[in-house]
Colleague: 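Can you keep this structure in mind? I'll have questions shortly.
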Amino acid sequence: MEAKLEKILNNFDKLKFQFDLIQWFLNEQRILPWRQDKDPYKIWVSEIMLQQTRVETVIPYFTNFIEKFPSPESLAKAEEEHVLKAWEGLGYYSRARNLQSAVKEVVAEYGGKVPDNVEELSKLKGVGPYTQGAILSIAYNIPEPAVDGNVMRVLSRILLIKDDIAKVSTRKLFENIVREIISVDQPSEFNQSLMELGALVCTPKSPSCLLCPVQNHCRAFSEGIQHELPYKTTKKKVKEVFITALILKNKTGEILVQKRPNEGLLANLWELPNHELQLNSMHGESEQIQRFMKEKYNLDVTVGDHFMNLKHEFSHLVWKIDVYPAYTDGALPKADNSQFVSREELSKLPFPVSYKKIISEIQW
DNA sequence: AATACGGGGAG
DNA sequence: CTCCCAGTATT
């Protein structure tokens, strides 16, 4: 064992820790839809959805998703747009596209059986170190680490580790720690209990140390510094982008929508026609709209009074969207990535939440 | 090592 | 407002 690891685990009673932690988990764990059975496919879907996403948020999406795509085969053959529609509002949409891509590979290469080893699992799109460990331990009961934010928070407090959890090297340190202290008899319960403890007891802001089943083992608690851990460097502030979006109706009252590019932000989702506002332009907002619609779609549009504005905040930027109603007599050539659609057709397309909000305000 | 990638809930 | 959540891919 590496020296640093040796020092951290010196004088740590891992057997007692395992027992206390797992005992608590078996008694107190939440009833969750993906805990109803050990179907590796369902575990996989749940783990992808749970990336950077709260349990309460995921539950209805998971139930609906499994209903629509109950098996790897059904997901593999589904239309991507239907998969994105099932993901609509959940965020990080590349997760959905990577999941479908990976499931196709599992069906083609492994006869639809989710791999039970690191080599094959880690090759799948969207399956990183955490998800791979989660599938192996939870679905197959193999003692592999599954280190997420919860695990780093809990263990940084228990073992008094002050390394910056934003660093990759720190995540690897925690993986090595888990390899040493994981229960070889109950790896599934061990990993889940660490995460469950982080979610229910050892929370970020105000941990319930007085109710903690492993309080006796916690070095941070014994020193009274549980609130100072984990240590994490903060990220810089986000960039502002000003967007002008259009609710453009044609003669028959249909609305123009366009599909976003197949990579990058909100890839393959739909949106209203829009462009980034030039703040230093000598032209007004509505004139910029007319120029833009002429250039991009060769459409002459009449722009109405300002309709609404809203903010769409991402992790790394914020859109400030101004929305205008508009009308056109013109028509559009047939295209896959932009078309006039009825209210009915529009309801079937996947949109980012910001555009969902705008669309819900449309007077049809 | 840093950045892109959603959205929402807690304090 | 800030933080951060059962993280991964790309640069």
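Naming convention: chains lettered A, B, ... in sequence-line order (proteins, then strands); numbering from 1 in each chain.
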Colleague: The test is ring-ring contact (aromatic ring centres under 6.0 Å, His included); show your working for A/W319 and A/F242 and say whether it passes.
Modeller: CA-CA 6 Å; A/W319 284 349; A/F242 294 87; over 10 Å; no
Colleague: Which atoms of nucleotides 9-11 of chain C (N or O only) lie under 3.5 Å from a protein N or O atom, and what are those distances?
Modeller:
unit_1: C/dA9; atom_1: OP1; unit_2: A/G126; atom_2: N; d: 2.5

Colleague: Using a heavy-atom cut-off of under 4.0 Å over every strand shown, decide if A/Y130 touches base, sugar-phosphate, or nothing.
Modeller: base
Colleague: A/A199: which residues meet the side-chain contact (heavy atoms from CB on, under 4.5 Å) condition with it, sequence neighbours left out?
Modeller: A/R30
Colleague: Does some side-chain heavy atom of A/H312 sit less than 4.5 Å from a side-chain heavy atom of A/I358?
Modeller: no
Colleague: Applying salt bridge (Lys or Arg N to Asp or Glu O under 4.0 Å) as the test, list every pair that has at least one member in residues 244-262 of chain A; sequence neighbours left out.
Modeller: A/E81-A/K259, A/R260-A/E271
Colleague: Establish, from distance only, whether the side-chain atoms of A/Q51 and A/Y130 form a donor-acceptor pair under 3.5 Å.
Modeller: no
Colleague: Considering only the P atoms, how many Å lie between B/dG9 and C/dT8, rounded to the nearest integer?
Modeller: 23 Å
Colleague: Specify the residues of residues 23-46 of chain A, ordered by number, for which at least one heavy atom lies under 4.0 angstrom from an atom of DNA chain C.
Modeller: A/R30, A/L32, A/W34, A/R35
Colleague: Considering residues at least two apart in sequence or located in another chain, which fulfil the side-chain hydrogen bond (donor to acceptor under 3.5 Å, both in side chains) criterion with A/K320?
Modeller: A/E240
Colleague: Below 4.0 angstrom, which residues in residues 259-271 of chain A have at least one non-hydrogen atom near DNA chain C?
Modeller: none
Colleague: Once you round it to whole Å, what is the distance between C1' of C/dT8 and NZ of A/K123?
Modeller: 18 Å
Colleague: Would you please name every residue forming a salt bridge (charged side-chain N to carboxylate O under 4.0 Å, His left out) with A/K356, sequence neighbours left out?
Modeller: A/E88
Colleague: Kindly write out the residues that satisfy salt bridge (charged side-chain N to carboxylate O under 4.0 Å, His left out) with A/D322, not counting sequence neighbours, or none if the list is empty.
Modeller: none
Colleague: What residue pairs, at least two apart or across chains, pass ring pair (Phe, Tyr, Trp, His ring centres under 6.0 Å) with a residue in residues 330-364 of chain A?
Modeller: none
Colleague: Just to be sure I understand the rule, does A/K311 reach a base, reach only the sugar-phosphate, or reach nothing, if contact means heavy atoms closer than 4.0 Å?
Modeller: sugar-phosphate
Colleague: Under a 4.0 Å heavy-atom cut-off, which of residues 134-167 of chain A touch DNA chain B?
Modeller: none
Colleague: Give the ring-plane orientation class for A/F292 versus A/H275, where under 30° counts as parallel, over 60° as perpendicular and anything between as tilted.
Modeller: parallel
Colleague: Between the protein and nucleotides 8-11 of chain B, are there any N/O to N/O pairs under 3.5 Å, and if so, what are the atom names and distances?
Modeller:
unit_1: B/dG8; atom_1: N2; unit_2: A/R54; atom_2: NH1; d: 2.7

Colleague: Once salt bridge (Lys or Arg N to Asp or Glu O under 4.0 Å) is applied, what residue pairs with a partner in residues 129-156 of chain A remain, sequence neighbours excluded?
Modeller: A/E144-A/R179
Colleague: Using the C1' atom in both, what is the distance from B/dG6 to C/dC5, to the nearest Å?
Modeller: 12 Å
